[in-house]
*Asks:* 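One structure is given below, represented as structure tokens, and several questions about it will come after.
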Amino acid sequence: MFPCISRPLARLPAKTILRILKASSFRAIPTCKLHTHHSFDEIPHRDLRSVNSLLASRVRCGDAAGAWDLFLCLHRSRTDLDAYTFTPALSACSALPHPQRGRLVHGLMIKMGVDSGTISRTALMDVYSKYGRLNESVKVFGEMEFKDVVSWNALLSSFLRHGLANCALDVFEDMRKENVEISEFTLCSMLKACALLEACSQGKQVHGMVVVIGRDLVVLSTALIDFYSSMGHIEEALKVYNCVDRSENVMRNAMISGCVRNLKYKEAFSIMSSMKPNVIALTSALAACSENSDLWIGKQIHCVAIRFGFTSDTQLCNVLLDTYAKCGKVGHAKTLFDSILGKDVVSWTTMIDAHGINGNGLEAFMLFNKMGELRSEVTPNHVTLLAVLSACGHSGLVDQGRASINLARDKYGLNAGPEHYACFMDSLGRAGRIEDAWCVFHEMVEGKCRPNTAVWAALLNACSLNRDFSRGERAAKQLLELEPDKAGNYVLVSNFYAAFGMWDSLVAVRNEMKKKGLVKESGSSWVTANPP
DNA sequence: GTAGGGTTAG
């Protein structure tokens, strides 16, 4: 049990509770077609089983807001709510913003004494986990009196949702020790864990278990396709795909995505052309166009998206925007960006980057600032900051780069990491401001930010450009110590010696590289020589 | 009450 029974509710300030309760009012127009004949006034006073069923069906219909409104209405009008009321209410919480909503329901459950059942607690675990409260999710599991396979699976999902694949493997081991009979849900999670850990042989063992269990083949095959694709074993993924009924869109989509990730573009387009377009397949296919700067196919997919009414989908628009940007069509990208109604952080980041890669650092910087002025709920993340720094750097806007780091820190509490500092130091080096680059390095170290290879590489390059030999040699040593098996690092170090005319040292570095059998990947261009 | 497919950086 919780150490303090009313803690989740007590943690919420009274004003917050009131705001959540008042924020939603019961809507007279039910959004689920199944219930259009119910009158608004009648619903809360029907027998509990009936209203619980209505609540659950609203959640199943995907009408989380409607379910939440109904739950509030029930909570206000009656005192006999049970676990079957709270479980769908928790599901609705998972799909709605405002993490305190779930905590509020938890508090009410404790107050009404319906928080101890396995099903209620599993739903609670899921809510906390989806709101990023991993510790609380694990705590609810730990305090669960009777754990069944669903609650164990929910624990696996909680860890995986937070990227903790090793913890998920430990949970799986515990399940075996406790003799929990695993389900297809467990196997799906294990495949995800293996993919995250790049544990190919363990993933293959899970594949063996899938064959033995043989249930829900569509979902498990989709998970296997995703696993093999993310491991780079596209042939294995195709084998799985070819062995099962492919009528399911989800499986085809997984295969398209796998092909794109493994650079099998023709195969991806071939699968796509054999099915009715869906928004996810088109998004994956567009990612291939973005990678290849293939404006011709990108435009065709844009047309299909318009024809099928998918242009309200933010993720699709984001990758389309990226395709236009990478093809140099920054005007098209801007028009598209302006048309996206539900712009998310990826939309903003992609547009900032679009300006950056098309040489307009000032536009990128202005857009980054505008993001803060709009008081929108979208806040920049570490990719956004990197995009604006890169944009400023490539346009020689060093001061704007510094201003971006400060803005991110002061306005969003987003502290620059080593990658950001590396990008900024690189721009300082290219602007001839080597002393400033070293000042930033010291600022970074004093801020307890540990330099990584990107930092040493940026400093080494800055030293080559600015003829700073002694500190450059230090950077070279650190770089090769931290990452001794990357060919690109040896090239950077040999370029450094070349900048000082130290040919013997250059030859020694190149020989060391050869001795290790390292080969620098050749550069390539995606420019289409003869576009249609 | 728990699983499967899509987007952004260097």
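Numbered from 1 within each chain, the chains take letters A, B, ... in sequence-line order. The analysis underlying the following values was restricted to heavy atoms, covering all of them including side chains, and did not include hydrogens, waters or symmetry mates. The model shown is predicted, which means the values in this text are computed figures rather than measured ones.
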*Asks:* Report yes if at least one side-chain N or O of R161(A) is closer than 4.0 Å to OP1 or OP2 of dT2(B); otherwise report no.
*Replies:* no
*Asks:* Considering only heavy atoms and no angle criterion, is a donor-acceptor pair shorter than 3.5 Å present between the side chain of D426(A) and the base of dG10(B)?
*Replies:* no
*Asks:* Roughly, in whole Å, what's the span from CZ in R261(A) to P in dT8(B)?
*Replies:* 12 Å
*Asks:* Can you find a side chain N or O atom of S151(A) that sits less than 4.0 Å from OP1 or OP2 on dT2(B)?
*Replies:* no
*Asks:* Can you tell me which nucleotide in dA3(B), dG1(B), dG10(B) comes closest to the side chain of S157(A)?
*Replies:* dA3(B)
*Asks:* Students often get this wrong, so: under 4.0 angstrom with heavy atoms, is T118(A) touching a base, only sugar-phosphate, or nothing?
*Replies:* base
*Asks:* If we count only N and O atoms by modelled type, under 3.5 Å, do the side chains of N381(A) and T384(A) hold a donor and an acceptor together?
*Replies:* yes
*Asks:* Could you state the atom-to-atom distance from NZ of K192(A) to C1' of dT2(B) in whole Å?
*Replies:* 12 Å
*Asks:* Expressed in angstrom and rounded to an integer, what is the separation of N153(A) atom CG from dG1(B) atom P?
*Replies:* 14 Å
*Asks:* Looking at every strand, decide which applies to K147(A) at a 4.0 Å heavy-atom threshold: base, sugar-phosphate, or nothing.
*Replies:* nothing
*Asks:* Can you figure out which of dA3(B), dG4(B), dG6(B) approaches the side chain of E184(A) most closely?
*Replies:* dA3(B)
*Asks:* Starting the side chain at C-beta, find the nucleotide from dG4(B), dT7(B), dA9(B) nearest to V346(A).
*Replies:* dT7(B)
*Asks:* What contact category does T87(A) fall into here, base, sugar-phosphate, or nothing, at under 4.0 angstrom with non-hydrogen atoms?
*Replies:* sugar-phosphate
*Asks:* Does D313(A) contact dG6(B) through a side-chain donor or acceptor facing the base, at a distance under 3.5 Å?
*Replies:* yes
*Asks:* Report the nucleotide, chosen from dT7(B), dG4(B), dG6(B), that has the shortest atom-to-atom distance to any side-chain atom of D344(A).
*Replies:* dT7(B)
*Asks:* Roughly, in whole Å, what's the span from CG in L160(A) to C1' in dG4(B)?
*Replies:* 13 Å
*Asks:* Classify the nucleic acid contact of L320(A) as base, sugar-phosphate or nothing, counting any heavy atom under 4.0 Å across all strands shown.
*Replies:* nothing
*Asks:* Listed by chain and number, what are the salt bridge (Lys or Arg N to Asp or Glu O under 4.0 Å) partners of K239(A), not counting sequence neighbours?
*Replies:* E236(A)
*Asks:* Tell me whether K192(A) forms a cation-pi arrangement with F227(A), defined as NZ or CZ under 6.0 Å from the six-membered ring centre and within 45 degrees of its axis.
*Replies:* no
*Asks:* If you check the N381(A) side chain, which of dT2(B), dT8(B), dG4(B) turns out closest?
*Replies:* dT8(B)
*Asks:* Please pick, from dA3(B), dA9(B), dG6(B), the nucleotide with the shortest atom-to-atom distance to any side-chain atom of Q315(A).
*Replies:* dG6(B)
*Asks:* Side chain of D353(A) only, heavy atoms from C-beta on: which candidate in dG1(B), dA9(B), dG6(B) is closest?
*Replies:* dA9(B)
*Asks:* For F172(A) and W152(A): C-alpha separation, side-chain torsions, deciding distance, then whether ring-ring contact (aromatic ring centres under 6.0 Å, His included) applies.
*Replies:* CA-CA 9 Å; F172(A) 186 61; W152(A) 280 96; over 10 Å; no
*Asks:* How many whole angstroms separate atom CD of E483(A) from atom P of dG10(B)?
*Replies:* 17 Å
*Asks:* Taking NE2 from H394(A) and P from dA9(B), how many angstroms apart are they, rounded to a whole number?
*Replies:* 13 Å
*Asks:* Classify the angle between the aromatic ring planes of W348(A) and F337(A) as parallel (below 30°), tilted (30 to 60°) or perpendicular (above 60°).
*Replies:* perpendicular
*Asks:* Output all residues satisfying salt bridge (Lys or Arg N to Asp or Glu O under 4.0 Å) with K334(A), sequence neighbours left out; order by chain, then residue number.
*Replies:* D338(A)
*Asks:* Would you kindly give the OH-to-P distance between Y241(A) and dG4(B), to the nearest whole Å?
*Replies:* 20 Å
*Asks:* Could you list the residues that satisfy salt bridge (Lys or Arg N to Asp or Glu O under 4.0 Å) with R402(A), not counting sequence neighbours?
*Replies:* E443(A)
*Asks:* Under 4.0 Å from OP1 or OP2 of dG1(B): is there any side-chain N or O of K130(A) that close?
*Replies:* no
*Asks:* Quickly work out the L156(A) CG to dG4(B) P distance and round it to whole Å.
*Replies:* 12 Å
*Asks:* Strictly below 4.0 Å, heavy-atom distances to any atom of DNA chain B: list the hits from residues 271-286 of chain A, or just say none.
*Replies:* N278(A), V279(A), I280(A), T283(A), S284(A)
*Asks:* For D322(A), which residues count as a salt bridge (Lys or Arg N to Asp or Glu O under 4.0 Å) partner, sequence neighbours excluded?
*Replies:* K326(A)
*Asks:* Does F86(A) have any ring-ring contact (aromatic ring centres under 6.0 Å, His included) partners at least two apart in sequence or in another chain, and if so, which?
*Replies:* F71(A)
